[in-house]
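I have placed the structure first, in the form of structure tokens, so that the comments after it can refer back to it.
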Amino acid sequence: MTEAILLVGGQGTRLRPVTVNTPKPMVPTAGVPFLAHQIARAAAAGVTHVVMATCYLAEVFEPYFGDGSAFGISLEYVVEDEPLGTGGAIRNAARRLTGGPDSAVLVFNGDILTGLDIAGLVASHERADADVSLHLVQVEDPRAFGLVPTDPSGRVLAFTEKPQTPEEIITDQINAGCYVFRRSVIDSIPEGRPVSVERETFPGLLASGARLHGVTENTYWMDLGRPDAIVQASADLVRGVVPSPAVPGRCGEYLVLPGAEVAAGAKLSGGTVVGAGARIGAGASVQGSIVLADAVIGQDAQVNASLIGAGASVGPRTVLDRAVIGDAAAVGADNELRGGARVWCGARLPDAAIRFSSDS
Ligand code: GDD
Ligand code: MG
């Protein structure tokens, strides 16, 4: 039996600026709340017991995920009165684990989508007899992450969270936000106060000579910090680029949920998902986008790599490229919004109000 802790709390939990009313971990991604993919992938890898560590958003998770039986696991929730940081949250959630001091405990950041071979990471952790094993990936710009240089055997040499100076950037190998801990190591994290696993626990363990084992697997990996990453992740899930048992349908160019209406002659592609009760007008083209429940896309609109909030409307002939339209917002006909434009929830944009292209 493998147990896991899923970290879903802290400051960055809501999508800000607020464009979609739903908390980030619950934003429908390929038709279901994002966290469903993480839970389903963990279950498929043999995890049987998950403890979700949350702060102030516990009430939004439980109605959807319940006791986890729909995923074939047992799921519990631990709510922090005050955010305890990543390490404090792990320590606090560990109260609910049932394994012994030497058991392997998986820990996931709740805002990453990964194709990691989870069972492989656990096996490698056991082979290395490590105190903690960390999944590492290589990225072009490591500045927003935890830097984790290793020696050729995989032994972790240092852990530098969010390097501040160019001299600190000594590797492009970063912490991918998925760990295996020896249970007794979790129990050594101080209790009852905020602790950062990245800034305090890992550097402390290294200083005390503990064995931290890095597993570099350059699999599919996406940090869902930004709305455009959520849109991309959804499209990748729908197309099966990263497989998830939680996708509610067959993988392909699009996913249309029950109760949506797509007019004949509308074109859906690139992993677009159309939510329940949404309507796509004739001649519209929707590519690699998320259209949430009850949203309306007008005739001949062109939507690319965008997120259309629940109940929002997009007028006829409007062009959206990498835009985010908040829940219940109304974008009139003949607008053009590009490159990260965000329309606030409930805002109204008149017909022909904004364009990006030249007059010619
Ligand atoms: N329960 C709980 N309580 N969860 C928390 C808390 C807390 O106080 N603080 C953060 N978390 C959760 C977040 O919800 C997220 O799922 C995870 O812990 C990581 O926190 P982030 O705030 O998203 O950190 P980050 O993205 O800046 O950096 C982390 O992830 C990177 C990979 O995406 C670090 O682990 C980096 O080292 C790593 O490279
Ligand atoms: Mg994050």
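Start at 1 and go down the list; that is how both ligands and their atoms are numbered. Index from 1, following the sequence.
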Which of the numbered atoms in ligand 1 are below 4.0 angstrom from a heavy atom of [X]?
{"X": "Thr86", "value": "10 (C), 18 (O)"}
{"X": "Ala89", "value": "1 (N), 2 (C), 3 (N)"}
{"X": "Ile112", "value": "33 (O)"}
{"X": "Tyr179", "value": "35 (O)"}
{"X": "Pro83", "value": "8 (O)"}
{"X": "Gly110", "value": "16 (O)"}
{"X": "Cys55", "value": "2 (C), 3 (N), 7 (C)"}
{"X": "Phe145", "value": "31 (C), 32 (C), 39 (O)"}

More than 12 foreign heavy atoms under 6.0 Å from [atom1] of [X]: is that the case here?
{"X": "Asp81", "atom1": "CG", "answer": "no"}
{"X": "Arg317", "atom1": "CZ", "answer": "yes"}
{"X": "Arg143", "atom1": "CZ", "answer": "no"}

> Do the ring planes of Tyr179 and Phe202 sit parallel (below 30°), tilted (30 to 60°) or perpendicular (above 60°)?
Replying inline: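 Perpendicular, since the angle between the ring planes exceeds 60°.
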
> Among Lys162, Gln38, Glu198, Met222, which one has a heavy atom closest to atom 28 (O) of ligand 1?
Replying inline: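 Among Lys162, Gln38, Glu198, Met222, the closest heavy atom to atom 28 (O) of ligand 1 comes from Lys162.
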
> Of the choices Val197, Thr54, Asn109, which has the non-hydrogen atom that lies closest to atom 17 (C) of ligand 1?
Replying inline: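 Comparing heavy atoms across Val197, Thr54, Asn109, the nearest one to atom 17 (C) of ligand 1 lies in Asn109.
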
> Under a heavy-atom criterion of less than 4.0 Å, does Trp221 contact ligand 1?
Replying inline: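 Flag set, Trp221 near ligand 1.
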
Under 3.5 Å, is there a donor-acceptor pair between the side chain of [X] and the main chain of [Y]?
{"X": "Trp221", "Y": "Ala176", "answer": "yes"}
{"X": "Gln38", "Y": "Asn109", "answer": "yes"}
{"X": "Glu336", "Y": "Phe356", "answer": "yes"}

> Can you tell me how far the OG atom of Ser208 sits from the CG atom of Asp131, to the nearest 0.5 Å?
Replying inline: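 Here the rounded value is 8.0 Å.
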
> Are side-chain heavy atoms of Leu75 and Phe61 found at a separation under 4.5 Å?
Replying inline: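 In short, these two side chains do not touch, never coming nearer than 4.5 Å.
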
Any N/O of [X] closer than 3.5 Å to an N/O of ligand 1?
{"X": "Leu84", "answer": "yes"}
{"X": "Ala176", "answer": "no"}
{"X": "Gly9", "answer": "yes"}
{"X": "Ala144", "answer": "no"}

> Would Ser196 and Glu161 satisfy side-chain hydrogen bond (donor to acceptor under 3.5 Å, both in side chains), going step by step from the backbone distance to the final call?
Replying inline: CA-CA 10 Å; Ser196 160; Glu161 182 67 12; over 6 Å; no

>> Please determine whether a side-chain nitrogen of the Lys or Arg among Glu191 and Arg91 lies less than 4.0 Å from a carboxylate oxygen of the Asp or Glu.
In response: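 Yes.
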
> For Leu84, what are the other residues in its hydrophobic cluster, where any two members join if their side-chain heavy atoms are less than 4.5 angstrom apart?
Replying inline: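 Reading the cluster by chain and number, Leu84 sits alone, since nothing else belongs.
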
>> Any donor-acceptor pair under 3.5 Å linking the side-chain atoms of Thr98 with those of Glu3?
In response: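 On atom types as modelled, these side chains qualify, holding a pair under 3.5 Å.
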
> Under 2.8 Å from the Mg ion (ligand 2), how many protein N/O/S atoms can be counted?
Replying inline: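 Number of qualifying protein atoms: 1.
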
